[in-house]
2 protein chains.
Amino acid sequence: MAKPLPVLEPPAVDCCAPLTEAPLTPEQADVLARRLKALADPVRLRLVSILLASPGQEACTCDLVGPLGLAQPTVSHHLKKLAEAGIVTGDRRGVWTHYRVSTEAITALLAMLSPLR
Amino acid sequence: MAKPLPVLEPPAVDCCAPLTEAPLTPEQADVLARRLKALADPVRLRLVSILLASPGQEACTCDLVGPLGLAQPTVSHHLKKLAEAGIVTGDRRGVWTHYRVSTEAITALLAMLSPLR
DNA sequence: GTTCAATATCGACGAACGTCGATATCTCCA
DNA sequence: TGGAGATATCGACGTTCGTCGATATTGAAC
């Protein structure tokens, strides 16, 4: 658990600064890169899309292992990465941990990226 | 030069499929992840933002080395990564190579990502 | 042709990453 | 209390990545 990255809330980056006029500071670039890295993996992208396509837009770890074709610890590892970046949230209900996508986080990420367009 | 990634054009991914209903295929996830990885680096994010903030929204390698504080081969390396992903284009004018951001590529990337929101 | 400046490639190094098996933790239920 | 199933953590392995110095390539100008 190296990098807790403020969960969810629009990140510490001044996300709406006129990116086309002033370059990102190294610190802003670090925060943005950390969030992008969390999503820039084929397995984690599939995880997010599977979650969104699941009934109620949520699923437990056990439901994700099969479709991905990976070992259970590997899936837990990826879910942890996504959770650290605030992209998914997991809550334990009995034996199962139900994960769902934080659409706010995705929206915030898109908002940070769109000035680059 | 391992992965030429079709330059620019909206990638081979069916980018507008209802991502919330059908999960990404492993192949779609690979293409999307490769593009995101190109951008998911603090140095490359700063490169893109510096280019956009430059006069005429373009700059040569020599103008980028100083602001980044990295060695020239390192900057060339990152520019190559961005170019392979179609995020920037470079054209040689005499001794200088002028790089500029492909706003189409950024737009395409955002379009692929927005269904996750 | 030779020289010089801008850029790209190469080779090496340490750090970070994705994956897995083994194991620990947690929760329910008998 | 104890057992079983779901999940998380740990330790190790090979791979990829970011960085740099050294070197090669390119193009302009003399």
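Numbers restart at 1 for each chain; the letters A, B, ... are given by sequence-line order, proteins then strands.
- Within the 4.0 Å cut-off from OP1 or OP2 of D/dT9, not a single side-chain nitrogen or oxygen of A/Ser76 is found.
- Between A/Tyr99 and D/dA6 there is no side-chain N or O to OP1 or OP2 distance below 4.0 Å.
- Side chain of B/Arg44, nearest nucleotide from C/dC17, D/dG18, D/dC20: D/dG18.
- In this structure, A/Arg44 contributes its side chain and B/Ala33 its backbone to no donor-acceptor pair below 3.5 Å.
- Following rounding to the nearest Å, B/Asp41 (CG) and D/dT16 (P) show an atom-to-atom distance of 18 Å.
- Each of A/Lys37 and A/Pro73 was assigned the nucleotide of DNA chain D with the nearest heavy atom; the assignment lying further toward the 5' end belongs to A/Pro73.
- Separating the NE2 atom of A/His98 from the P atom of C/dC26 is a distance of 20 Å, rounded to the nearest angstrom.
- Using a distance-only test at 3.5 Å, with no hydrogens or angles considered, a donor-acceptor pair links the side chain of B/Arg35 to the main chain of B/Ala85.
- Ranking D/dA6, C/dG18, C/dG21 by closeness to the A/Arg92 side chain, first place goes to D/dA6.
- Both B/His77 and A/Gly69 lie near DNA chain C, and the one whose nearest nucleotide falls closer to the 5' end is B/His77.
- Remark: the backbone N or O of B/Ala38 is not paired with any side-chain donor or acceptor of B/Lys81 at under 3.5 angstrom.
- Between the side chain of B/Ser49 and the backbone N or O of A/Leu24 there is at least one donor-acceptor pair closer than 3.5 Å.
- Contact between the side-chain N/O atoms of B/Thr97 and the OP1/OP2 oxygens of C/dA8 is found at a separation under 4.0 Å.
- Note that SG of B/Cys62 is 8.0 Å distant from CG of B/Leu64, once rounded to the nearest 0.5 Å.
- No hydrogens or angles were tested; on distance alone, nothing pairs the side chain of A/Gln72 with the base of D/dA6 as donor and acceptor under 3.5 Å.
- Among the protein residues, B/Arg93 comes within range of no part of the nucleic acid, since none of its heavy atoms lies under 4.0 Å from any strand.
- For A/Asp63 and D/dG5, the CG to P distance is 17 Å, given to the nearest whole Å.
- Rounded to a whole Å, the CG atom of A/Leu82 is 14 Å from the C1' atom of C/dC17.
- Across C/dA6, C/dT19, C/dT27, the shortest atom-to-atom separation from the side chain of B/Cys62 is found for C/dA6.
- Of all nucleotides listed (C/dT7, D/dT19, D/dT7), D/dT7 comes nearest to the side chain of A/Thr61.
- Residue contacts for A/Thr74: at a heavy-atom cut-off of 4.0 Å it reaches a base atom on one of the strands shown.
- In this structure, CG of A/Asp91 is placed 15 Å from C1' of C/dT27, rounded to the nearest angstrom.
- Rounded to an integer number of Å, the gap from B/Arg34 CZ to C/dC17 P is 20 Å.
- Computed from coordinates, the B/Lys80 NZ to C/dC10 C1' distance equals 10 Å when rounded to whole Å.
- In the hydrophobic clustering of this structure, B/Leu116 groups with A/Leu68; members are Ile, Leu, Val, Met, Phe, Trp, Tyr whose side-chain heavy atoms approach within less than 4.5 Å, directly or through other members.
- Rounded to an integer number of Å, the gap from CG of B/Leu79 to P of D/dC17 is 17 Å.
- Residue B/His78 is classed as a sugar-phosphate contact, given heavy-atom separations below 4.0 Å to backbone atoms only.
- Side-chain proximity of A/Cys60 to C/dT7, C/dG18, D/dT7: nearest is D/dT7.
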